[in-house]
Amino acid sequence: MVQLYNLHPFGSQQVVPCKLQPERFCGGGRDTLFVAAGCKVEAFTVVGQELCQPRCVFSTLGRVLRLAYSEAGDYLVAIEEKNKATFLRAYVNWRSKRTENSRVCIRMVGHDMEAPFSETFREQMSVVEMPLSEAPLCISCCPVKGDLLVGCTNNLVLFSLKYQIINEEFSILDFERSLIIHIDNITPAEISFCVGYVAVMSELEVLIVKLESDPKNRESVNHHPRKTTNPMKQAEGISNETSQLESDDFVICQKPMELLGEKSKQSGISVTLESTGLADEKIKYFHVRHLLYRRFAPDISCCLLSDDVRLHSLQLLPIYQTGSLTSDRKNSSQEKVLLSLFCFFSLPHVGYLYMIVKSVELMSVYQYPEKSQQAVLTPQFLHVITSNNLQCYTVRCSAAAAREEDPYVDTTLKACPPISMDVCALRIQLFIGLKAICHFKNHVVLLTKADPETVPERRESPKRFLSRKGTSVNPKTPPVAEAGWNLYIVNTVSPVQLYKEMVDYSNAYKTAKTQSCIHLLSEAHLLVRAALMDASQLEPGEKAELLEAFKESCGYLGDCYSRLETPHSHLALPYYKMSGLSMAEVLDRVDWAVEDGSQKYERGLIFYINHSLYENLDEELSEELSAKVVQMIYAAEPKQLPHILCSPSMKNIDPLTAIKYLRKLETSGFSSVLVTLAKAAMALKMGDLDMHRDEMKSHSEMKLVCGFILEPRLLIQQRKGQIVPTEFAVHLKETQPGLLVASVLALQKNNKIGIEEADSFFKVLCGKDGDTIPQLLVDFWEAQLVACLPDVVLQELFFKLTSQYIWRLSKRQPPDTTPLRTSEDLINTCSHYGLINPWVNVLISSESLVDKNYMEDLSKLQSLICGPSFDIASIVPFLEPLSEDTVAGLSVHVLCHTRLKEYEQCIDRLLERCPEAVIPYANHELKEENRTLWWKKLLPELCQRIKCGGEKYQLYLSSLKETLSVVAVELELRDFLNVLPEDGTAAFFLPYLLYCSRKKSLT
């Protein structure tokens, strides 16, 4: 359905001062209009709103049948007719043409120029003649690369744009015939070409293919001309049968058909490629990918003229990536990056707009109120002419391109009106006798000719135009120049001006709360978006004005979706975000007036407020606005009230007001632990500690933890990207630190907070800088080990804890608060904390350690080292601050080296520092494969130290006796004798020898 509005997209108009009735005309870049009449082409300068002025005139070989301009290369190409023969010629360097009689250089395509002669090309126009084996019927220039595609009866010829380099300072534009596309069973009436995409249109058929450059199908390109064959035998048979049956009494019509993607190969049209370059040259295109085939059937219910059912106005429209165009207009065409591509073609009463590139999809269908003659598509509009009207329709190209360019469109961050939205006619402007139309920059060029009288046209048999190879493309007899014609340049109004008119127009629908308001504002939004995408057409300073209009349009659409009854009310959120409006500014736009005492809030506004308050916005609402938000949420979604009150944006809410609505919520049956925690937070904000205490006692600690999981912002908030503990968290730190640690641990377990965020939270909460670790954070790390969270990297956690234990032990630094768990608690509840080896207790008891906190940290560190999960090698380099001069340091070092199986080194250290711990150490550690160390290491060391005497003589002697007892049991008599010292006293060792000799008989 097409909606009709009465807007004014067209502004001033002027008459082009042509001398003869135009036969063909087209725009030339940003500032030129070409008009072909007779055997001449006139160029007019068109700048802004100023009157167009003649620029130059140059002669053609004959009457111009087709005319096209390429901005890439800045050349004009024409199909010309002379003596019933057609010629293809390109006009290069035409801007150097000063007068009609100025010298012109005519050369053949691909002809190499000699350097001295080529110097004359700098200041004169060149005509490049391109001979063809078949008569050219239609032409199209690639708007990106400047390549030229020529349509002939049985094939399409591609001329690649190139430059002949004469010297370092000078090059001339030239073409190279690089590819022939053989097409069977369709004769092109119009073609369109854009970066490898080829659209071909006959009277009732449209075919779109893509020339692929994928080398894997290289064999599909032929290097020598050959006769192409049609693989679709079935279609061939139908064609032959049709030609046999056609007569004056029968009309054979093929049924309408639409084939998308690979299915379009079934159209019966054969497409093959033939490279015209050398076989070893680099081939640009290798094979063909079919995209679309569309066939229409004429209405033969009555004898209609062929013109009434013929397709017209084939066009490929590219849209480029935003920001890809350079400021240098001369090279801008080479810098364009294709984003989306659209194809338009039209029947007399219906137009079709397809989106191609990633997928082929019919976007819009345009129903004209009367028979159309020609149409032209732009990124903003579709302009259609009938015999007496210029019609302007909206298009959805910018909506499709926006989704291609930005993956965040159609999310809660960004939005864009849907592609499927109904198109509308902005204006139907009266113009008498319209014949042709073209568009360039911000101008629509119209050819009108008032017919003096209506002459009945001869009716023809409808069978003439049913064949694919119709005769409509044959040149007609040139019309005799008559008076009553005019060539107009109609200036389109600026996008901002038209946008403002559309916004004013939409105000008429605002009070009625209809979809028309949203529709018209969406059209205004797409208009501005399309103008921003078409950056090459923007004047200096216009982009800033468009960006402002874009944000304003987003605000208006946000207003509509937040207030009107629509199934898409959720779009209020992304549109308000794109508008740049703050939440306070959005709320100021709300009509808070209440007439009957009951206020109804639409879903869109509630959705926006809920999501905005859930996000970490660095915006604080005033007390008045906060109260209105609470009132609104209580009326619309009361269950969300506790969550809303925890938002940082609601910091200024009056706690009495909040508690009033929370109590209403409880009395209405919405009582929950979350409501209790919200009331406790508000009581704390008021300073009512008794009320706070009562609320906290009303639920068990486990339920309170569940409440914090439901709403983490009761404890943790973010402002300007930084973690900020709430007043509630600060109070729990002083009164219930265990509950606080358990709650944050639960938040981490439920993915409500990350590991680094939790660490930062405790540091900020305890007022510590980056290097100082508060005891509450150590408690949290220990709780993580006890909880065995799956996403926690154990070794990182071990490193954090051991580093903190070592630092405290080395500095004798007590914790800033009382630890929540003792070493005994951790050993009993956490598998990562192991039982401390017995010999460690002997070692520690050798020196009195009265500091309880010091002993707790030491026990936790020793327990971790004795645990099964600890990676000892990773912590050894960090033991340096912990000196072995102390018993605590010695115990940790010996434990670590024992875990690393460095037993001999550990025995030496213990014999030197604490001999009384050697035998307990050996009994615990020297087992199984390490038992040999009793007689290979410990026994010789004790004997040696006894010989030296000293104050530890008695300790060594008792240790030697224990060692001999163990060795006598382990070894045979002969082996036992071998390990005894040669200079030892026989009487001392005799009891152990007797025991060793008797043990065999005893067993």
Side-chain angles (χ1 to χ4, degrees), residues 802 806 834-847 858 861-862 864-868 870-880 882-972 974-984 989 992 996:
T802 53
I806 291 171
L835 289 171
I836 301 175
N837 297 339
W839 58 265
V840 176
N841 295 326
V842 177
L843 181 61
I844 295 300
S845 64
S846 64
E847 183 177 321
L858 181 60
L861 178 58
Q862 292 169 344
L864 265 186
I865 296 174
C866 294
F870 194 70
D871 182 12
I872 300 298
S874 65
I875 199 62
V876 169
F878 301 95
L879 292 178
E880 185 177 351
L882 200 58
S883 174
E884 292 188 40
D885 295 339
T886 64
V887 172
L890 179 63
S891 68
V892 173
H893 281 275
V894 173
L895 269 175
C896 288
H897 288 288
T898 300
R899 288 289 306 273
L900 295 174
K901 300 185 183 303
E902 298 174 357
Y903 301 108
E904 295 185 23
Q905 183 181 351
C906 293
I907 290 172
D908 289 337
R909 291 184 179 182
L910 290 176
L911 286 173
E912 182 67 29
R913 294 288 313 283
C914 188
E916 60 268 32
V918 167
I919 297 305
Y921 176 84
N923 285 328
H924 190 269
E925 304 295 345
L926 303 184
K927 298 177 181 179
E928 298 176 355
E929 69 273 10
N930 300 317
R931 256 186 122 68
T932 58
L933 292 176
W934 279 94
W935 53 87
K936 288 184 179 181
K937 175 64 179 178
L938 184 56
L939 180 59
E941 284 289 337
L942 287 171
C943 291
Q944 182 65 31
R945 291 176 186 272
I946 289 174
K947 287 179 185 180
C948 297
E951 58 182 15
K952 297 181 180 180
Y953 175 81
Q954 291 299 326
L955 290 174
Y956 291 143
L957 185 60
S958 64
S959 298
L960 177 60
K961 292 178 180 180
E962 292 285 344
T963 303
L964 288 171
S965 299
V966 173
V967 173
V969 173
E970 294 293 330
L971 297 180
E972 297 295 331
R974 181 179 300 176
D975 295 332
F976 186 35
L977 284 170
N978 290 334
V979 300
L980 292 178
E982 297 179 357
D983 55 350
F989 294 105
Y992 302 101
C996 185

On a heavy-atom basis, which atom in [X] and which in [Y] lie closest, and how many Å separate them?
X    : Y    : answer
P877 : S874 : CD-O, 3.8 Å
K952 : R913 : NZ-O, 4.0 Å
P920 : V842 : CG-CG2, 4.2 Å
S965 : Y992 : OG-CE2, 3.6 Å
C943 : P981 : SG-CG, 4.0 Å
V979 : L939 : O-CD2, 3.8 Å

Using side chain to side chain contact (heavy atoms under 4.5 Å, CB included) as the criterion, list what pairs up with [X], not counting sequence neighbours.
X    : result
D885 : S883
V840 : I836, N837, I844, Q862, S891, L895
S958 : none

Does some side-chain heavy atom of [Y] sit less than 4.5 Å from a side-chain heavy atom of [X]?
X    : Y    : result
F976 : W935 : no
V966 : E962 : no
L964 : F989 : yes
I875 : I806 : yes

Qualifying residues under salt bridge (charged side-chain N to carboxylate O under 4.0 Å, His left out), relative to E904, sequence neighbours excluded: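 So E904 forms no salt bridge (charged side-chain N to carboxylate O under 4.0 Å, His left out) with any residue.
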
In Å and rounded to the nearest 0.5 Å, what is the [atom1] to [atom2] distance from [X] to [Y]?
X    : Y    : atom1 : atom2 : result
E916 : S959 : CD    : OG    : 8.5 Å
C896 : I865 : SG    : CD1   : 3.5 Å
Y903 : Q905 : OH    : CD    : 13.0 Å
L977 : R974 : CG    : CZ    : 9.5 Å
K947 : L942 : NZ    : CG    : 12.5 Å

Any donor-acceptor pair under 3.5 Å linking the side chain of [X] with the backbone of [Y]?
X    : Y    : result
N923 : I919 : yes
W934 : L926 : yes
H893 : L882 : yes

L960 and Y956: CA distance, side-chain angles, deciding distance, side chain to side chain contact (heavy atoms under 4.5 Å, CB included) verdict: CA-CA 6 Å; L960 177 60; Y956 291 143; over 6 Å; no

Residue pairs involving residues 891-903 (criterion salt bridge (Lys or Arg N to Asp or Glu O under 4.0 Å); sequence neighbours excluded):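 Every candidate salt bridge (Lys or Arg N to Asp or Glu O under 4.0 Å) pair involving residues 891-903 fails, so no pair, neighbours aside, qualifies.
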
Listed once per pair and sorted, the salt bridge (Lys or Arg N to Asp or Glu O under 4.0 Å) pairs that draw on residues 918-943, sequence neighbours left out: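 Applying salt bridge (Lys or Arg N to Asp or Glu O under 4.0 Å) to every pair that reaches into residues 918-943, excluding sequence neighbours, yields D908-K937, R931-E970, K937-E941, E941-R945.
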
Of L843, L938, T963, the residue whose pairing with V918 passes side-chain contact (heavy atoms from CB on, under 4.5 Å):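 Going through L843, L938, T963 one by one, the side-chain contact (heavy atoms from CB on, under 4.5 Å) with V918 is satisfied by L938 alone.
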
